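Working notes, structure below.
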Amino acid sequence: MNSRECQHVAIIMDGNGRWAKKQGKPRTAGHLVGSDNVRTIAIAANELGVKYLTIFAFSTENWKRSQEEVSYLMGLPDIFFKKYMKEFIQRGYRIHMIGNLDELPTGTRNVLREAEEESKENTGLHLIIAMNYGSQREIVEAANAYAKDVKEGKKQLGINEEEFSSYLMTKDFPPVDLLIRTSGELRISNFLLWQIAYAELCFVEESWPEFTPDLLKKCIEDYHHRDRRFGGVK
Ligand code: IPE
Ligand code: IPE
Ligand code: MG
């Protein structure tokens, strides 16, 4: 029995497109329902004692999709925060963004930055949204920033893992305890490669729009039955 708190849950929200197709709807309809489910699952996570919830909303590879789909996804944060921001503030949630926001359309970037700004005094659930995020890119950027600091004489050569972590976009958050991926795919797709070093993994068959608070609860219960050894012996 693993008694370590499940304080940081990360989710690869997959399967919106396939879910929509099954209903005879366009892929974008799946993204809309999927975005509403972020609210439902954030509330459930908070009630289950999760302190940090990181969700994968758009990857650095998702630009390969049709222009129509990409442009819909870029418009979604506006729809999402118009619907739910007031409630998030009331609930005390703090919104953070990770990813290369500079490459997003200005309107999208502004909406995301505003959500961070508006909620920055909150002390409840940290809801971290990964938008135009790619973990390999993040690690390379961290290495470059460190090299620059060395060159400018601000850092010594030979840092350890903890110091390197402080160059990552996730520097303010603890490591991931539990990683969930919906929709049956058994891969990480360039998400939080460094941060999941010792995370427990949970893959569920249901697509993201079908993922319920009960399924989240089941994943967390499962987590508590895992034996996290961190390389040691029990
Ligand atoms: C996840 O669902 C949402 C994003 C990647 C933006 P998908 O859009 O990947 O849905 P499937 O996997 O094609 O069904
Ligand atoms: C990962 O899902 C990215 C997000 C959930 C935002 P994808 O659907 O893009 O991943 P692949 O292409 O199946 O690996
Ligand atoms: Mg997918």
Side-chain angles (χ1 to χ4, degrees), residues 8-42 45 50 52-81 83-84 95-105 107-109 111-112 115 127-140 168-170 173 176 178-196 199 201-212 215-216 219:
H8 189 169
V9 174
I11 307 182
I12 303 172
M13 309 184 290
D14 198 19
N16 291 350
R18 280 165 282 172
W19 177 85
K21 212 172 155 203
K22 262 200 316 210
Q23 328 268 314
K25 292 181 185 155
R27 292 178 56 83
T28 50
H31 295 316
L32 183 61
V33 176
S35 76
D36 288 332
N37 204 31
V38 169
R39 168 190 171 262
T40 306
I41 296 302
V50 172
Y52 298 83
L53 177 66
T54 303
I55 52 162
F56 206 2
F58 191 90
S59 77
T60 47
E61 288 73 35
N62 286 147
W63 298 104
K64 291 178 195 157
R65 298 182 176 201
S66 75
Q67 202 246 316
E68 188 202 353
E69 184 169 346
V70 168
S71 120
Y72 187 82
L73 289 167
M74 291 301 143
L76 252 189
D78 188 40
I79 298 175
F80 176 74
F81 285 118
K83 271 197 236 170
Y84 302 124
I95 314 290
H96 308 264
M97 304 302 308
I98 54 171
N100 291 83
L101 300 200
D102 297 352
E103 291 162 7
L104 299 176
T108 310
R109 182 170 59 245
V111 164
L112 298 173
L127 177 61
I128 303 144
I129 304 177
M131 190 75 186
N132 194 27
Y133 173 85
S135 189
Q136 291 185 335
R137 164 95 66 92
E138 178 192 30
I139 292 168
V140 168
L168 297 172
M169 293 165 176
T170 50
F173 318 127
V176 174
L178 172 65
L179 174 74
I180 299 169
R181 181 170 187 145
T182 59
S183 214
E185 238 64 72
L186 304 180
R187 56 178 171 266
I188 305 296
S189 303
N190 201 13
F191 191 43
L192 302 174
L193 300 177
W194 173 283
Q195 297 84 347
I196 61 167
L201 309 180
C202 181
F203 296 97
V204 304
E205 285 302 320
E206 288 80 359
S207 65
W208 175 247
E210 294 165 333
F211 189 73
T212 57
L215 285 168
L216 175 68
C219 291

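Nothing here was measured: the structure is a model prediction, and the numbers come from that model. In listed order, ligands and their atoms are each counted from 1.
Between the Ser59 side chain and the Gly134 main chain, no donor and acceptor come within less than 3.5 Å of each other. With hydrogens and angles disregarded, no donor-acceptor distance shorter than 3.5 Å links the side chain of Arg181 to the backbone of Leu186. At distances below 3.5 Å, at least one donor-acceptor pair connects side-chain atoms of Asn190 with backbone N or O atoms of Gln136. Between the Asn132 side chain and the Asn100 main chain, a donor and an acceptor come within less than 3.5 Å of each other. Judged by distance alone, the side chain of Asn37 and the main-chain N or O of Phe211 form a donor-acceptor pair under 3.5 Å. With Trp208 contributing its side chain and Gly34 its backbone, the two residues share a donor-acceptor pair below 3.5 Å.
Protein heavy atom closest to atom 8 (O) of ligand 1, with residue, atom name and distance, is Arg65 NH1, 2.6 Å. For atom 10 (O) of ligand 1, the nearest non-hydrogen atom of the protein is Gly17 N, 2.9 Å. The protein heavy atom nearest to atom 1 (C) of ligand 1 is Met13 O, 2.9 Å. Of all protein heavy atoms, the one lying nearest to atom 14 (O) of ligand 2 is Ser189 OG, 2.6 Å. The closest protein non-hydrogen atom to atom 2 (O) of ligand 2 is Arg181 NH2, 3.7 Å.
Within the 4.0 angstrom cut-off, atom 12 (O) of ligand 2 has no protein heavy-atom neighbours.
The Asp14 neighbourhood of ligand 2 comprises atoms 2 (O), 8 (O), with distances under 4.0 Å to a heavy atom of that residue. Listed by atom number, the atoms of ligand 1 under 4.0 Å from Asn62 heavy atoms are 5 (C). The ligand atoms of ligand 2 that sit less than 4.0 angstrom from a heavy atom of Phe58 are 6 (C). Which parts of ligand 2 touch Phe56 is read off a 4.0 Å heavy-atom cut-off, strictly below it: atoms 3 (C), 4 (C), 5 (C), 6 (C).
No other N/O/S atom of Asp14 lies as close to the Mg ion (ligand 3) as OD1 does.
Residue contact annotation: Gly15 has a non-hydrogen atom under 4.0 Å from ligand 1. Under a 4.0 angstrom heavy-atom cut-off, Ser59 registers as lying outside contact with ligand 1. Residue contact annotation: Arg27 has a non-hydrogen atom under 4.0 Å from ligand 1. At least one heavy atom of His31 lies less than 4.0 angstrom from ligand 1. Residue contacts with ligand 2 include Arg187, since one or more of its heavy atoms lies under 4.0 Å from the ligand.
Each of Ile55, Ile196, Thr54 was scored for a side chain to side chain contact (heavy atoms under 4.5 Å, CB included) with Phe191, with one residue passing: Thr54.
Using a 4.5 Å cut-off on side-chain heavy atoms (C-beta onward), Thr170 and Trp194 make no contact. With contacts defined as side-chain heavy-atom distances shorter than 4.5 Å, the pair Phe81/Leu112 qualifies.
Every N/O-N/O distance between Trp19 and ligand 1 stays at or above 3.5 Å.
Residue contacts with ligand 1 for Ala57 involve N, CA, C or O but no side-chain atom from C-beta outward (heavy atoms, distance under 4.0 Å). Residue contacts with ligand 2 for Arg18 are absent, since no atom lies close enough (heavy atoms, distance under 4.0 Å).
Ser66 and Arg27 share no side-chain donor-acceptor pair at under 3.5 Å.
Classified by interplanar angle (parallel below 30°, tilted 30° to 60°, perpendicular above 60°), the ring pair Tyr84/Phe80 is perpendicular. Taking the six-membered ring where the residue is Trp, His8 and Tyr52 present tilted rings, their angle falling between 30° and 60°.
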